[in-house]
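Chain identifiers are assigned alphabetically (A, B, ...) following the order of the sequence lines, protein sequences preceding nucleic acid strands; residue numbering begins at 1 within each chain. Predicted model only: the values in this text are computed from it and were never measured.
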Protein chains: 2
Amino acid sequence: MDVLKRKSEILKAISQPTRLRILEILREGERCVCDMIPQLGEEQANVSKHLSILRQAGLVDFRKNGVSSFYRTRYGEIYKIIDLAEEIVKKEVLKTAELVKEMGLKR
Amino acid sequence: MDVLKRKSEILKAISQPTRLRILEILREGERCVCDMIPQLGEEQANVSKHLSILRQAGLVDFRKNGVSSFYRTRYGEIYKIIDLAEEIVKKEVLKTAELVKEMGLKR
DNA sequence: TGACAATATTACTATATTGTAAAACAATAT
DNA sequence: ATATTGTTTTACAATATAGTAATATTGTCA
């Protein structure tokens, strides 16, 4: 097994916008697909496909109860990763704000 | 600006195997493109393109010195993200190892 | 100036990804 | 048995991405 490729797969699976939103929902704990669909406002088939990508990437577990499927995240690290990405965004915003401030002063 | 989209962009930029390798080289500090190419064993044009993707994603800074370009990482968070992905891989390996052990005992 | 070296860009092809629509499944209710 | 509900899978079209080859750009040096 190639660790590099595996790391790439994991990060790629996390990186897609709809999947980020799914993971955000699962941050709270186990959730039924039927609950995710309205929250996401995406086609049911689309949600299902993104869930299957997260499954294939080994990032989520799921169990079936009757006709319903319940998903949950497998690794807390996923959220640490997402939060770090958010920190980068925050830093960017901060940098831009400072730049604006500087430009303002120089008028 | 859409934070979700930006997070997605950042993680996607990091997730590609060749770019992960580039970022691994830059972990040590600023590096010249001319040093990266032989280390990566990839086409010059390909390396250049991946660097431009990292630039566009705002993850690296670069400066020119004569004909050479020197790149460096902009955010330490990038490496925290990569290391967390590696932790997930390690956990997976551990799980598999335990499974193998269990199966071994049950023979 | 002209040649060379390092890097970036463009053009192109092959492959992957996303979203949607339609069909298939499986569990439950009628 | 048939219908219904929740979910997954398949098929397809549009778009994005990665890699390679060729070309352009820029700085340096003879």
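- With sequence neighbours left out, R55(A) forms a salt bridge (charged side-chain N to carboxylate O under 4.0 Å, His left out) with no residue at all.
- In this structure L20(B) satisfies the side-chain contact (heavy atoms from CB on, under 4.5 Å) test together with L4(A), K7(A), S8(A), L11(A), I14(B), I82(B), sequence neighbours excluded.
- The stretch residues 58-67 of chain A touches DNA chain C through G66(A), V67(A), each having a heavy atom under 4.0 angstrom from the strand.
- With sequence neighbours excluded, no residue satisfies salt bridge (charged side-chain N to carboxylate O under 4.0 Å, His left out) with K5(B).
- What you find for Q39(B) and R21(B) is that their closest heavy atoms are O-NH1, 4.1 Å.
- Following rounding to the nearest Å, L51(A) (CG) and dG19(C) (P) show an atom-to-atom distance of 13 Å.
- A ring-ring contact (aromatic ring centres under 6.0 Å, His included) check over residues 25-56 of chain A, counting only residues at least two apart or in different chains, returns nothing.
- Nucleotide dA5(C) holds its P atom 14 Å from the CD1 atom of I37(B), rounded to whole Å.
- Qualifying ring-ring contact (aromatic ring centres under 6.0 Å, His included) partners for F62(B), counting only residues two or more places apart in sequence or in other chains: Y71(B).
- Looking at heavy-atom distances under 4.0 Å, S68(A) makes contact with sugar-phosphate atoms alone, never a base.
- Among the heavy atoms of the strands lying under 4.0 Å from S69(B) are primed sugar atoms or P, OP1, OP2 only; no base atom is included.
- The nearest pair of heavy atoms linking A13(A) to L59(A) is CB-CD1, 3.9 Å.
- Judged as a side-chain contact (heavy atoms from CB on, under 4.5 Å), and not counting sequence neighbours, the contacts of D61(A) are R72(A), R74(A).
- Rounded to 10°, the helix from dT1(C)-dA30(D) to dT30(C)-dA1(D) has 0° between the axis fitted to its first five pairs and the one fitted to its last five.
- S48(A) places no side-chain N or O within donor-acceptor distance of the main-chain N or O of A45(A), the cut-off being under 3.5 Å.
- E43(A) contributes no side-chain N or O that, together with a main-chain N or O of N46(A), makes up a donor-acceptor pair within less than 3.5 Å.
- Proximity of residues 23-34 of chain B to DNA chain C (heavy atom under 4.0 angstrom from any strand atom) is restricted to C32(B), V33(B), C34(B).
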Report each atom pair, protein N/O against N/O of nucleotides 13-23 of chain D, whose distance is under 3.5 angstrom.
{"residue": "dT17(D)", "atom": "OP1", "partner": "K12(B)", "partner atom": "NZ", "Å": "2.7"}
{"residue": "dA18(D)", "atom": "OP1", "partner": "R19(B)", "partner atom": "NH1", "Å": "3.4"}
{"residue": "dA18(D)", "atom": "OP1", "partner": "R19(B)", "partner atom": "NH2", "Å": "3.4"}
{"residue": "dA18(D)", "atom": "OP2", "partner": "R19(B)", "partner atom": "NH1", "Å": "3.4"}
{"residue": "dG19(D)", "atom": "OP2", "partner": "N46(B)", "partner atom": "OD1", "Å": "3.3"}
{"residue": "dG19(D)", "atom": "OP2", "partner": "N46(B)", "partner atom": "ND2", "Å": "3.2"}
{"residue": "dG19(D)", "atom": "OP2", "partner": "H50(B)", "partner atom": "NE2", "Å": "2.5"}
{"residue": "dG19(D)", "atom": "N7", "partner": "K49(B)", "partner atom": "NZ", "Å": "2.7"}
{"residue": "dG19(D)", "atom": "O6", "partner": "K49(B)", "partner atom": "NZ", "Å": "2.7"}

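- In terms of the side-chain contact (heavy atoms from CB on, under 4.5 Å) criterion, residue partners of S68(A) (sequence neighbours excluded) are, by chain and number, C32(A), F70(A).
- Side-chain contact check for Y79(A) versus T73(A): some heavy-atom pair is nearer than 4.5 Å.
- Nucleic acid contact for F70(B): none, since no nucleic acid atom lies under 4.0 Å from a heavy atom of the residue.
- Remark: E87(A) pairs with L84(A), E77(B) by the side-chain contact (heavy atoms from CB on, under 4.5 Å) rule, at least two apart or across chains.
- Per the geometry, CD belonging to Q56(A) stands 13 Å off P belonging to dA16(C), to the nearest Å.
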